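One-based numbering, in listed order, for ligands and for the atoms of each. On a predicted model such as this, the values are computed, not experimentally measured, just so you know.
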Amino acid sequence: MNTFSVAHLVPDHIAAFEQYIPSRPDDELKKLYGCDRIFRLNNNENPLGPPPEARNVIKRFSPEKAAIYPSGDAFHLRSKLSRHFGKDPDQFIVGNGANELISFVIKAFCREGDNIITADKTFAVYEWVAQFSGFNARLIPLKEFGFDAAGMAAAIDERTKILFVCNPNNPTGTYWDIDTFREFMSAVNGKKIVVLDEAYCEFVEKEDYPDGMKLMEEYPNLVVFRTFSKMYGLAGLRIGYLAGSVEVVDVIRKTCVVYSVNAVAQDAAIKAIDDQDHVLKTRRLMAEARHYLGRELERLQLPHVIGETSYIMVKLPMSDSLAYRKLMRHGIMIRSMTGFRFPNYIRVSLSEMEMMEAFIKALTEIL
Ligand SMILES: *Cc1c(COP(=O)(O)O)cnc(C)c1O
């Protein structure tokens, strides 16, 4: 008799890896927690949805086009991005969300024994992709809720290939100002790839916030990530992009999966990128929610971290996974932060006032 066992086929780094469990769909959660509606404040989605012109593109998408492969290298979107940012179309790669771009960059530069450097409490996908690909992730502790530039530079060795900096950081919302960024780039001295993940840059209004798109012309080893998931409200269509020097991007392009970005997403992104009115409206809504939550959390005497982004962090006097379950029974979904190495913290997406008030009401009840 044939007996099959998969274990001997599995590399150690895969066996050791603990997979991420995504949240269930709303209909399942409603049954599970006995609530009749769910406010999703867990993924930093834009409550305004996509900008109007992108909406029209999605509505008018012809079913006939579903049978046809999309542009394999997002030709028209890259040319739109090149005009928008004043760069060469070959400086851009479009991916199935910025998440996919992380894999592209790691695959392009790492070989066995290499390492990447990032923070211990940041967007976890850099660390995960490195680990399940068999590479080392060196995690440098945050300093006062921000990335520690000196600590990261000090951790570099000859096997370091990439440094990932989330600016502003998810989940803390802190950012490196232009001087910190420049000091860090000088310390790296053009010897390694630096990825600046700017998933939330469109929310930041501070003068001293470094614009990676401009700075990359000075630093050929700089790669910038952006996404249409957050400000542009296209998270469900999965589309993001990276930009860098042609020299570096030409290498990363070799690891791209062609056709991974669907046609609707490409068409909608072309329309979304120019809508400054949508950016302003979203910022206004975020500012209102930020002020309201700041005031209410003061009143409740809960320590909190409010950054420049579309979410805040709150420290609770109870376990975050318990708080998650209790809030779910009130139809409020937040992100518990133990997985981000912030036990007892939750991250809450900023949203419309109705949802913010429902959150504070539910939070008051569970405390
Ligand atoms: C949401 C997010 C991304 C990526 O989002 P995609 O939906 O894959 O484009 C990347 N980095 C950070 C820090 C994020 O929060």
Output, in order, the C-alpha distance, side-chain angles, deciding distance and verdict of side-chain hydrogen bond (donor to acceptor under 3.5 Å, both in side chains) for Asn169 and Tyr200.
CA-CA 8 Å; Asn169 188 29; Tyr200 299 94; over 6 Å; no

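- Ring orientation note: the planes of Phe145 and Tyr345 are nearly perpendicular, at an angle over 60° on the 30°/60° scale.
- Under the 30°/60° scheme for interplanar angles, the aromatic rings of Tyr175 and Tyr209 are found to stand perpendicular.
- Atoms of ligand 1 lying under 4.0 Å from at least one heavy atom of Arg238, given by number and element, are 6 (P), 7 (O), 8 (O).
- At the top of the distance list for atom 11 (N) of ligand 1, counting protein heavy atoms only, stands Asp197 OD2, 2.6 Å.
- Atom 5 (O) of ligand 1 has its nearest heavy-atom neighbour, among Thr309, Thr227, Asn43, in Thr227.
- Note: Phe123 and Tyr126 have perpendicular aromatic rings, judged against thresholds of 30 and 60 degrees for the angle between ring planes.
- Under a 4.0 Å criterion applied to the non-hydrogen atoms of Ser229, ligand 1 contributes the atoms 6 (P), 7 (O), 9 (O).
- Not a single heavy atom of Ala235 sits closer than 4.0 Å to an atom of ligand 1.
- Using cut-offs of 30° and 60° on the angle between ring planes, the pair Tyr69 and Tyr259 is tilted.
- Protein heavy atom in closest approach to atom 1 (C) of ligand 1: Lys230 NZ, 1.4 Å.
- When non-hydrogen atoms are compared, ligand 1 lies under 4.0 Å from the backbone of Asn99 as well as from its side chain.
- In the displayed structure, Arg111 atom CZ is contacted under 6.0 Å by at most 12 heavy atoms of other residues, nucleotides or ligands.
- Looking at atom 15 (O) of ligand 1, its nearest protein heavy atom turns out to be Tyr200 OH, 2.7 Å.
- Applying the salt bridge (Lys or Arg N to Asp or Glu O under 4.0 Å) criterion to Arg341, with sequence neighbours excluded, gives Glu127.
- Any N or O atom pair closer than 3.5 Å counts here, and Tyr126 shares no such pair with ligand 1.
- If you number the atoms of ligand 1 from 1 as listed, the ones under 4.0 Å from a heavy atom of Cys166 come out as 13 (C).
- Polar contact with ligand 1: present for Ala98 (N/O pair, distance under 3.5 Å).
- Contact analysis puts Ala199 in contact with ligand 1, with a non-hydrogen atom separation below 4.0 angstrom.
- In summary, of the residues considered (Lys192, Arg138, Arg159, Lys107), a salt bridge (charged side-chain N to carboxylate O under 4.0 Å, His left out) with Asp114 occurs for Arg159 alone.
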